[in-house]
Amino acid sequence: MPAPGFGPIGLVVIQPTPFCNLDCDYCYLPDRSDRSRLSLDLVDPILRAVLTSPFVGTDFTILWHAGEPLAVPVSFYDEATRLLRRAEGRYKRDPIAIGQSIQTNATLIDQAWCDCFLRNGIQVGVSLDGPAFLHDAHRRTRTGLGTHAATMRGIAHLRRNNIPFHVISVLTRESLDHADAIVGFFLENGITEVGFNMEETEGSNRASSLEGGGCEQHYRTFLERVWELTAQSQGALRLREFETTCALACTDSRLERTDMNRPFVILNVDHRGNFSTFDPELLAVRTEEYGDFVLGNILTDSLESVCATEKFQRIHSDMQAGIERCRCSCEYFGLCGGGAGSNKYWERGTFDCAETQACRYRIKIVADVVLAGLEAELDLGPELPSAFPQPAVAPHGVG
């Protein structure tokens with residue numbers, strides 16, 4: 001069983017390479033020109049560390065990410081899958097399932113990659129910012145060319161092979177003027193599962209286009225229109241942000257923590273075997289306040305051993321203090337569980353803080369739009385807020 005307050009591991013993010021074939025101008029990764037690769041000799045130690053740790057307890061997914069994962073050859077994933085199945089037989093103590101997923105810009109997908117996904121049971125997520133005029137403004141090749149057409153070719157290969165996929169779309173200031181075009185594009189192309197990521201000040205991306213005056217109201221108006229359009233689609237388009245918030249609101253559920261601020265729910269491993277927990281975005285960066293967030297190396301350290309280190313204790317302590325600030329001050333706490341540490345650091349310089357611009361975009365504005373939309377559609381008037389998460393009250397000192 002996982003240690004109290006830690007885990008269980010639900011996601012293991014592994015970096016096959018820091019290299020990316022694109023040069024997106026809002027990317028947070030600092031080393032995307034580095035062509036180094038994860039040695040396949042590290043796959044067994046990674047899985048041994050996970051499967052023998054006290055933090056494993058439920059099914060989990062290996063997500064190949066942090067760089068462009070298709071920049072390594074098909075043979076890498078064939079061998080990694082073989083090593084994964086062998087490690088299951090060696091180290092797995094409980095009847096848990098281990099899945100694989102990949103987040104890709106899709107520009108390199110061809111029939112060989114589709115065959116690889118199918119035989120290895122790899123689920124696919126595609127990064128796509130909507131119609132070409134928005135996507136190509138930011139997601140360009142290293143020579144400055146747009147990549148929308150190449151991404152759509154990759155999606156066409158997935159479709160021909162009946163491989164389901166979801167889309168993550170980054171929103172910039174320009175996106176907020178084009179709710180109809182974005183939703184229309186996804187509907188016209190039969191893309192049904194979409195999540196919005198905001199352009200953030202994070203890592204190598206030192207400024208966000210969403211920081212300007214009036215942007216939050218602009219985003220609210222954008223989301224209100226997206227709500228109308230998704231409702232009109234009658235289920236043809238499902239937006240992650242709306243689905244998640246509706247589920248919490250309508251079931252009177254509460255979040256005490258998120259995956260990104262509870263230790264060892266997420267494990268992040270870079271191509272050298274260095275590992276961290278909390279936000280995947282923290283692994284590859286260095287900061288003035290905390291240094292780097294590497295806690296150990298998979299070849300020399302167990303997951304539980306790093307919990308006693310001064311670095312982990314400081315990060316965890318500040319993270320918990322920030323959660324308590326959110327719990328005591330924010331009426332939306334039950335929807336976000338205290339937020340993501342990376343956003344707090346990049347906006348406020350510490351984990352020990354509460355509200356951020358990111359939480360206003362990701363949680364508060366979304367919640368307001370969803371609540372208003374549900375009230376209007378269900379004609380519930382003032383009654384719905386009783387089913388909506390209210391400020392969480394916990395005994396003093398409980399994290």
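Every value quoted in this text rests on a predicted model; they were computed, and no experiment measured them. These numbers come from the heavy atoms of this one structure, side chains and all, not from hydrogens, waters or symmetry mates.
Taking every heavy atom of both residues into account, Cys215 and Leu176 meet most closely at O-CD1, 4.0 Å. Pairing each heavy atom of Arg93 with each of Val56, the nearest pair is NH2-CG1, 3.4 Å. The shortest heavy-atom contact between Glu347 and Ala358 is OE2-N, 3.0 Å. Summarising the geometry of Cys114 relative to Leu158, their closest heavy-atom pair is SG-N, 3.9 Å, with the distance given to 0.1 Å. In terms of heavy-atom proximity, Trp227 sits nearest to Leu374 at CZ2-N, 3.9 Å. Pairing each heavy atom of Val74 with each of Cys116, the nearest pair is CG1-CB, 3.7 Å.
Salt bridge status for Arg286 with Asp292: present, with a side-chain N to carboxylate O gap under 4.0 Å. Between Asp25 and Arg139 there is no salt bridge, since no side-chain nitrogen of the basic residue lies less than 4.0 Å from a carboxylate oxygen of the acidic one. Salt-bridge check for Asp115 with Arg119: failed, with every basic side-chain N at 4.0 Å or more from each acidic carboxylate O. For Lys344 and Asp352, the salt-bridge test fails: no basic side-chain N is under 4.0 Å from an acidic carboxylate O. Using a 4.0 Å cut-off between charged nitrogen and carboxylate oxygen, Arg85 and Glu88 count as a salt-bridge pair.
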Q. Stepwise, does the side-chain contact (heavy atoms from CB on, under 4.5 Å) test hold for Asp368 with Tyr332?
A. CA-CA 10 Å; Asp368 292 346; Tyr332 296 80; 2.7 Å; yes
(Q) Let's go through Asp129 and His148 carefully: what are the C-alpha distance in whole Å and the side-chain angles of both, what is the deciding distance for side chain to side chain donor-acceptor pair (under 3.5 Å) to 0.1 Å, and is it a yes or a no? (A) CA-CA 9 Å; Asp129 292 352; His148 191 269; over 6 Å; no
Q | CA sep, side-chain torsions, deciding dist, call: His138, Val170, side-chain contact (heavy atoms from CB on, under 4.5 Å) | A | CA-CA 10 Å; His138 303 280; Val170 176; over 6 Å; no
Q. Stepwise, does the side-chain contact (heavy atoms from CB on, under 4.5 Å) test hold for Thr287 with Leu282?
A. CA-CA 9 Å; Thr287 68; Leu282 294 174; over 6 Å; no
Q: Could you walk me through whether Asn161 and Gln111 pass side chain to side chain donor-acceptor pair (under 3.5 Å), step by step?
A: CA-CA 8 Å; Asn161 287 272; Gln111 187 58 47; 2.8 Å; yes
Q: Given side-chain contact (heavy atoms from CB on, under 4.5 Å), test Phe55 with Leu267 step by step and report yes or no.
A: CA-CA 10 Å; Phe55 311 129; Leu267 175 70; over 6 Å; no
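We find the CG-CG distance between Asn297 and Asn274 to be 5.0 Å, quoted to the nearest 0.5 Å. Distance check, rounded to the nearest 0.5 Å: CG of Leu210 to CD of Gln357 gives 6.5 Å. Considering CZ of Phe222 and CD of Gln217, their distance stands at 14.0 Å, rounded to 0.5 Å. If you take CZ on Phe351 and CG on Asn343, they are separated by 10.5 Å, rounding to the nearest 0.5 Å. One finds the OG1 atom of Thr277 at 8.0 Å from the CD1 atom of Ile9 (value rounded to the nearest 0.5 Å). The CD atom of Gln320 lies 9.0 Å from the CZ atom of Arg262; values are rounded to the nearest 0.5 Å.
For Arg272, the salt bridge (charged side-chain N to carboxylate O under 4.0 Å, His left out) criterion is met by Asp270, not counting sequence neighbours. Partners of Glu79 by side chain to side chain donor-acceptor pair (under 3.5 Å), not counting sequence neighbours, listed by chain and number: Arg82. Residues passing the salt bridge (charged side-chain N to carboxylate O under 4.0 Å, His left out) test with Arg360 are Glu216, Glu355, sequence neighbours excluded. For the side chain to side chain donor-acceptor pair (under 3.5 Å) test, residues two or more places apart in sequence or in another chain that qualify with Tyr290 are Asp318, Thr350. Remark: Arg238 pairs with Glu193 by the salt bridge (charged side-chain N to carboxylate O under 4.0 Å, His left out) rule, at least two apart or across chains. Here Tyr91 pairs with nothing under the ring-ring contact (aromatic ring centres under 6.0 Å, His included) rule; sequence neighbours left out. Every salt bridge (charged side-chain N to carboxylate O under 4.0 Å, His left out) that Glu289 has, sequence neighbours left out, goes to Arg314.
Summarising the hydrophobic clusters (Ile, Leu, Val, Met, Phe, Trp, Tyr; side-chain heavy atoms under 4.5 Å, direct or chained), the residues clustered with Leu283 are Val294.
Inter-residue side-chain proximity for Leu22 and Glu68 is flagged as unmet; no heavy-atom pair is nearer than 4.5 Å. Contact annotation: the side chain of Lys311 approaches that of Leu295 to within less than 4.5 Å [non-hydrogen atoms, C-beta and beyond]. Counting heavy atoms from C-beta on, the side chains of Leu128 and Ile191 come closer than 4.5 Å. Using a 4.5 Å heavy-atom cutoff, the side chains of Asn197 and Ser169 are not in contact. Looking at Leu108 and Thr104, their side chains never come closer than 4.5 Å, going by heavy atoms from C-beta outward.
Neither Ile109 nor Leu145 shares a network with the other; the hydrophobic side chains, linked directly or stepwise wherever heavy atoms of I, L, V, M, F, W or Y lie under 4.5 Å apart, form separate groups for each.
Below 30°, between 30° and 60°, or above 60°: for Trp64 and Tyr77 the angle between ring planes is above 60°, a perpendicular geometry.
Judged purely by atom type and a 3.5 angstrom limit, Asp94 has no side-chain atom pairing as donor or acceptor with the backbone of Ile96. No donor-acceptor pair closer than 3.5 Å links the side chain of Thr244 to the backbone N or O of Glu241.
Separation of the Phe312 and Phe6 ring centroids falls under the 6.0 Å cut-off. Here the two rings, on Phe293 and Phe278, have centers that are 6.0 Å apart or farther.
For the salt bridge (Lys or Arg N to Asp or Glu O under 4.0 Å) condition, no pair includes a residue of residues 151-173, sequence neighbours left out. For residues 156-175, there are no ring pair (Phe, Tyr, Trp, His ring centres under 6.0 Å) pairs, not counting sequence neighbours. Sequence neighbours left out, the pairs with a member in residues 178-188 that pass side-chain hydrogen bond (donor to acceptor under 3.5 Å, both in side chains) are Asp180-Arg225.
When each of Leu42, Asp41, Val43, Ile46 is checked for a side-chain contact (heavy atoms from CB on, under 4.5 Å) with Leu83, only Val43 meets the rule.
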Mind listing the side-chain donor-acceptor pairs of residues 12-21 below 3.5 Å, one per line with the distance, residues two or more places apart or on another chain?
from, atom 1, to, atom 2, distance (Å)
Gln15, OE1, His271, N, 3.1
Gln15, OE1, His271, ND1, 2.9
Gln15, NE2, Ala66, O, 2.9
Thr17, OG1, Phe19, N, 3.1
Thr17, OG1, Ser36, O, 2.7
Asn21, OD1, Asn105, ND2, 3.0
Asn21, ND2, Thr107, OG1, 3.0

